[in-house]
Amino acid sequence: MIKTLHVELNENSYPLFVGAGILNQIGEFLKSQAKSTKVFIVTDTFVKHQYAPLVLESLKDVGFDVAIIDVPVGEESKSLEQLSRVLDSLIDNQLDRGATLIALGGGVIGDLGGFAAAVYMRGIAYVQIPTTLQAQVDASVGGKTAINHPKGKNLIGAFHQPKLVLIDVNTLETLPQRDIQSGLIEVIKIGVIRDEPLFEMVEENLSAILNLETETLIEMIACACANKAEIVAKDEKESGLRMVLNYGHTFGHALEALTHYKKYRHGEAVSIGMNCAAKLAVNLGMFSETDFERQRALLNRAKLPLTFPYYISPEALCGAMSLDKKTLSGRLRLILPTRIGEVVIRDDVTDTKIIEAISQCY
Ligand SMILES: NC(=O)c1ccc[n+]([C@@H]2O[C@H](COP(=O)([O-])OP(=O)(O)OC[C@H]3O[C@@H](n4cnc5c(N)ncnc54)[C@H](O)[C@@H]3O)[C@@H](O)[C@H]2O)c1
Ligand SMILES: [Zn+2]
């Protein structure tokens, strides 16, 4: 079974395919789209070893001329140094303006490869083949690409939409369970912000999801991507509506920064953040105890963490939150739930209320 979505962004629209065992169809999918036979794959050393052979064979079978570069695994590769290596290699391989770059890997590769495609010759076509759940349900839709600067994450980047996204759920079989759980948080998040049936689907099928049952994964991933595509279609350059995707993230980013991006996976920090945002909403009288408990129970069953570590104080967290998300108006804007399936943006929550909610989440 292959599910096909169309991410509708006027002249930047693109198809997104979700299926099982479809990596070897990339050649066929790309054939009708590509403007030249030149293809360049960006991947990391692990994914190269695991999945590049299938992709290479499929592309060569239909006549593409393919070059490949791999970067070390991990966040450190979202750097100017690795970007420079990729660009050098694009030039050395004489990639023309009609060439296609394929980002094959997790979110790091999607961001690095996507940004290289955005700047090389003022922008060439690129395709995403995300191989982590995080990248499949989140980074594959939205067109955000970036590398990091020593002063902060994603400080150098561009909006650049892919021409095609291919998601093969079979790639998740080699992913550690901790990364599956962590990626799942973005799906649960979408359920809370706008899709109660998706939240319920995860509740009812959690073990099938964690056991990587393909039909369930395909349905869930397609649904998460469709939701994100709808949000992005209404707000491609992130001026307002898209902010709802930050549910749990203001708390989560602060926690990630204070623990130097080492202790928690992104999704784990967001899980703690969602639990705290929900607690704050309860305290403000806008979210019911029942819904708070429903979200808490699902995160708990998904083996995601719910509480802050004792050595980080509520005051430090609250301070880091303001640094992370200071907006033009200087006000912290929080995404808070009103029920499972609906959130509002609030910019009038006092630090005292924020600190109180954090204190209740240890
Ligand atoms: N552009 C966006 O919209 C967006 C959205 C969310 C996250 N991101 C970015 O994504 C990054 C995090 O993504 P990630 O969690 O995918 O990290 P990642 O790309 O570093 O992948 C995590 C690890 O999994 C390995 N891996 C990849 N596929 C695998 C597979 N199928 N089996 C086994 N191992 C596999 C990688 O080699 C790596 O070691 C962050 O840099 C974040 O900023 C971007
Ligand atoms: Zn996230």
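Both counts, for ligands and for their atoms, begin at 1 and track the order of listing. For clarity, every value in this text was computed on a predicted model and none was experimentally measured.
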query = Between Glu219 and Lys3, does at least one N-O distance fall below 4.0 Å, as a salt bridge requires?
reply = no
I'd like a table of donor-acceptor pairs (distance under 3.5 Å, sequence neighbours excluded) in which one partner is a side-chain atom from residues 196-206, with atom names and distances.
residue: Glu196; atom: OE2; partner: Arg294; partner atom: NH1; Å: 2.8
residue: Glu196; atom: OE2; partner: Arg294; partner atom: NH2; Å: 3.2
residue: Glu203; atom: OE1; partner: Arg294; partner atom: NE; Å: 3.3
residue: Glu203; atom: OE1; partner: Arg294; partner atom: NH2; Å: 2.9
residue: Glu203; atom: OE2; partner: Arg294; partner atom: NE; Å: 2.9
residue: Asn205; atom: ND2; partner: Met201; partner atom: O; Å: 2.8

inquiry  = With a cutoff of 4.0 Å, is Glu173 in contact with ligand 1, counting heavy atoms of the residue only?
reply    = no
query = Is a side-chain N or O of Arg85 found less than 3.5 angstrom from the main chain of Asp70, in a donor-acceptor match?
reply = yes
task = Using atom types as modelled and distance alone, determine if a side-chain donor or acceptor of Ser322 lies under 3.5 Å from a backbone N or O of Cys318.
result = yes
query = So which protein N/O/S atoms does the Zn ion (ligand 2) have within less than 2.8 Å?
reply = Glu186 OE2, His249 NE2, His266 NE2
Where ligand 1 meets Asp44 - atom numbers and elements under 4.0 angstrom, heavy-atom basis = 36 (C), 37 (O)
task = May I ask you to list the atoms of ligand 1 that are less than 4.0 angstrom from any heavy atom of Asp138?
result = 5 (C), 6 (C)
task = Verify side-chain contact (heavy atoms from CB on, under 4.5 Å) between Cys361 and Ile272, making sure each step is shown before the conclusion.
result = CA-CA 8 Å; Cys361 296; Ile272 298 171; 5.7 Å; no
query = Can you check whether a protein heavy atom sits less than 4.0 angstrom from atom 23 (C) of ligand 1?
reply = no
inquiry  = Is the contact between Leu175 and ligand 1 made by the side chain, the backbone, both, or neither, using heavy atoms and a 4.0 Å cut-off?
reply    = both
query = Is the NZ atom of Lys153 crowded by more than 12 outside heavy atoms at less than 6.0 Å?
reply = yes
query = Which residue from Glu186, Glu75, Gln136 reaches closest to atom 40 (C) of ligand 1 through any of its heavy atoms?
reply = Glu75
query = Between Pro72, Gly267, Gly107, Ala146, which one has a non-hydrogen atom sitting closest to atom 17 (O) of ligand 1?
reply = Gly107
query = Is the closest basic N to carboxylate O distance between Asp96 and Lys38 below 4.0 Å?
reply = no
inquiry  = Within the 4.0 Å heavy-atom shell around Tyr51, which atoms of ligand 1 are there?
reply    = 31 (N)
task = Would you mind listing which atoms of ligand 1 come within a distance below 4.0 Å of any non-hydrogen atom of Gly106?
result = 16 (O), 19 (O)
ask   = Considering distance alone, does some N or O of Val108 sit under 3.5 Å from an N or O of ligand 1?
value = yes
message = Using heavy-atom distances only, which candidate in Leu172, Ile129, Thr132, Asn170 approaches atom 26 (N) of ligand 1 most closely?
response = Thr132
query = Does Phe115 have its ring centroid less than 6.0 Å away from the ring centroid of His160?
reply = no
Ionic contact status for Lys353 with Glu356, cut-off 4.0 Å = yes
message = Are there over 12 heavy-atom neighbours, none belonging to Tyr310, within less than 6.0 Å of that residue's OH?
response = no
query = Do the rings of Phe251 and Phe308 sit parallel, tilted or perpendicular, given the 30° and 60° boundaries?
reply = tilted
task = Measure from NZ or CZ of Lys279 to the centre of the six-membered ring of Phe292 and say whether it is under 6.0 Å with the direction within 45° of the ring axis.
result = yes
query = Quick one: which ligand 1 atoms are inside 4.0 Å of a heavy atom on Thr131?
reply = 27 (C), 28 (N), 29 (C), 30 (C), 31 (N)
ask   = What do we get for Val73 next to ligand 1 when only non-hydrogen atoms under 4.0 Å count, side chain, backbone, both or neither?
value = side chain
Residue portion contacting ligand 1 (non-hydrogen atoms closer than 4.0 Å) for Thr145 = neither
request  = Tell me, with the steps shown, if Ile69 and Ile41 meet side-chain contact (heavy atoms from CB on, under 4.5 Å).
outcome  = CA-CA 6 Å; Ile69 188 171; Ile41 301 174; over 6 Å; no
inquiry  = Counting only heavy atoms, tell me which of Ser182, Ala139, Gly142 gets closest to atom 3 (O) of ligand 1.
reply    = Ala139
message = Polar contacts were defined as any N/O atom of the residue lying under 3.5 Å from an N/O atom of the ligand; does this apply to Thr171 and ligand 1?
response = yes
inquiry  = Could you check whether Phe17 and Phe29 have their ring centres less than 6.0 Å apart?
reply    = yes
Minimum non-hydrogen distance to atom 43 (O) of ligand 1, winning option of Lys78, His266, Gln134 = Lys78
remark   = Going by the 4.0 angstrom heavy-atom rule, the piece of Asn154 near ligand 1 is side chain
task = Salt-bridge test for Arg339 and Asp291: reply yes if a basic N is under 4.0 Å from a carboxylate O, no otherwise.
result = no
key: Sub-4.0 Å protein heavy atom next to atom 5 (C) of ligand 1   = yes
task = Using distance alone, with no hydrogens and no angle criterion, decide if Tyr51 and Thr174 have a side-chain donor and acceptor under 3.5 Å apart.
result = yes
query = How close does the nearest protein non-hydrogen atom get to atom 34 (N) of ligand 1, and which residue and atom is it?
reply = Phe46 CE2, 3.2 Å
ask   = Atoms of ligand 1 less than 4.0 Å from Val47 heavy atoms?
value = 27 (C), 28 (N)
